[in-house]
Amino acid sequence: ATLDTRSGPVKVGAMICFDREQPESARILMLQGAELVLTPNACGLDTLRLEQFKIRAWENAMGVAMANYPAPEQNGHSVAYDAAGNCLVMAGEEEGIFMAAFDMDAIRERRAKTIYGNAYRRPHRYDLLIRPEQENIWHRIDGNGQPYQPSAR
């Protein structure tokens with residue numbers, strides 16, 4: 001969606017916490033024009049997950065912000081990164097309001113110059129990414145005890 005802001009229009013996307021775990025979710029939002037992605041989250045955020053989120057910003061040349069439940073529900077650490085992967089704000093475990101100011105001009109400049117994002121992609125090389133076949137090691141049982149069916153999701 002395009003939001004009208006004090007600084008002009010901003011193209012915004014959203015993904016939930018499980019989407020954040022998959023690089024394709026952020027990539028699709030970037031391909032749809034998102035300059036900023038907002039992510040509500042409901043799990044513990046360890047160093048690896050925070051770094052993963054930072055990489056989503058960097059590899060897609062977009063700002064990202066994630067709001068997580070504070071302790072004791074989860075462990076807080078709501079965070080925002082700019083398109084270069086710089087941390088704009090990181091909360092602790094406590095409840096609060098934490099503001100991040102995104103420099104949209106800097107995000108747009110990075111998008112115009114970086115080799116990442118959609119500049120040098122080679123979609124003709126990625127056929128395997130859209131094939132539904134999986135090797136047996138990747139087959140899973142869902143929460144209802146049934147074989148997981150990705151096409152039903």
Side-chain angles (χ1 to χ4, degrees), residues 1-3 5 7 10-132 134-135 137-143 148 150 153:
T2 300
L3 296 180
T5 72
S7 301
V10 177
K11 294 179 182 177
V12 178
M15 60 183 177
I16 62 170
C17 58
F18 187 73
D19 293 338
R20 172 192 46 73
E21 301 278 352
Q22 315 305 319
E24 295 88 355
S25 300
R27 179 56 46 110
I28 287 169
L29 291 170
M30 180 274 298
L31 291 172
Q32 292 175 330
E35 301 171 296
L36 176 63
V37 172
L38 307 174
T39 307
N41 195 71
C43 73
L45 292 174
D46 56 24
T47 302
L48 186 58
R49 282 186 164 138
L50 292 167
E51 291 293 318
Q52 178 189 58
F53 195 60
K54 175 169 73 172
I55 293 301
R56 298 290 174 260
W58 177 77
E59 71 191 355
N60 291 295
M62 60 188 183
V64 296
M66 177 168 44
N68 195 32
Y69 286 97
E73 180 74 21
Q74 293 300 333
N75 71 331
H77 293 98
S78 296
V79 67
Y81 296 102
D82 68 13
N86 298 310
C87 185
L88 302 177
V89 66
M90 180 168 310
E93 293 188 1
E94 71 281 356
E95 183 176 349
I97 296 174
F98 304 91
M99 303 295 287
F102 288 90
D103 182 340
M104 295 311 299
D105 290 334
I107 289 174
R108 290 171 182 141
E109 182 176 344
R110 178 163 171 74
R111 291 168 75 89
K113 294 181 179 177
T114 184
I115 65 169
Y116 301 107
N118 200 18
Y120 292 99
R121 289 179 61 250
R122 298 179 296 181
H124 61 285
R125 303 265 190 224
Y126 308 149
D127 289 344
L128 283 174
L129 291 174
I130 60 171
R131 291 187 189 156
Q134 295 176 315
E135 293 193 27
I137 194 165
W138 300 114
H139 292 189
R140 300 289 189 264
I141 301 300
D142 68 17
Y148 175 69
R153 301 280 312 199

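Note that the structure is a prediction, hence the values are computed from the model and not measured.
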For this session: Could you please spell out the steps behind the side-chain contact (heavy atoms from CB on, under 4.5 Å) verdict for M99 and V89?
Result: CA-CA 7 Å; M99 303 295 287; V89 66; over 6 Å; no
Problem set entry | Stepwise side-chain contact (heavy atoms from CB on, under 4.5 Å) check, R121 with L31 | CA-CA 11 Å; R121 289 179 61 250; L31 291 172; 3.5 Å; yes
Problem set entry | N75 and L45: CA distance, side-chain angles, deciding distance, side-chain contact (heavy atoms from CB on, under 4.5 Å) verdict | CA-CA 7 Å; N75 71 331; L45 292 174; 3.9 Å; yes
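You'll find the side chain of Y81 stays beyond 4.5 Å of the side chain of M66, heavy atoms only. Looking at T39 and D19, their side chains never come closer than 4.5 Å, going by heavy atoms from C-beta outward. Taking the side chain as every heavy atom from C-beta outward, L36 and V64 never approach each other to under 4.5 Å. Looking only at side-chain heavy atoms (C-beta outward), H139 and Y148 stay at 4.5 Å or farther from each other. The shortest side-chain heavy-atom distance between C43 and R20 falls under the 4.5 Å cut-off.
Side chain of Y120 to backbone of Y116: no donor-acceptor contact under 3.5 angstrom is found. For Q74 (side chain) and G44 (main-chain N/O), a donor-acceptor pair under 3.5 Å exists by modelled atom type. In this structure, the side chain of N60 does not engage the main chain of M62 through any donor-acceptor pair within 3.5 Å. Side-chain atoms of R110 come within 3.5 Å of backbone N or O of A83 as a donor-acceptor pair. Panel note: side chain R56, backbone A26; no donor-acceptor pair is recorded below 3.5 Å.
Taking each heavy atom of E95 and F98 in turn, the nearest pair found is C-CE1, 4.4 Å. Of all non-hydrogen atoms in G76 and N68, the two that sit nearest each other are O-ND2, 2.9 Å. Among all heavy-atom pairs drawn from G13 and A34, the shortest one is N-CB, 3.9 Å. The heavy-atom pair separating R122 from Y126 by the smallest distance is N-OH, 3.1 Å. Looking at every heavy atom in both residues, L50 comes nearest to V79 through CD2-CG1, 3.9 Å. Nearest heavy-atom pair, A42 versus Y69, reported as atom, atom and distance to 0.1 Å: CB-CE1, 3.6 Å.
When each of L38, I28, V37 is tested with M15 by the rule side chain to side chain contact (heavy atoms under 4.5 Å, CB included), just one qualifies, namely V37. Under the side chain to side chain donor-acceptor pair (under 3.5 Å) test applied with E35, the options R108, K11, R111 reduce to a single match, R108.
Enclosure of atom CD1 in I97 is not indicated, since only 12 or fewer non-hydrogen atoms of other residues, nucleotides or ligands lie within 6.0 angstrom.
For the pair E59 and R27, the salt-bridge criterion is not met [side-chain N within less than 4.0 Å of a carboxylate O].
Here the CD-CG distance, from Q32 to N118, works out to 12.0 Å after rounding to the nearest 0.5 Å. The OG atom of S25 lies 12.5 Å from the CE atom of M30; values are rounded to the nearest 0.5 Å. Between W58 atom CH2 and T114 atom OG1 the span is 7.5 Å, to the nearest 0.5 Å. Going from atom OG1 of T5 over to atom CE of M104 covers 8.0 Å, rounded to the nearest 0.5 Å. One distance of note links CG of D127 with NE2 of H124; it measures 9.5 Å at 0.5 Å rounding.
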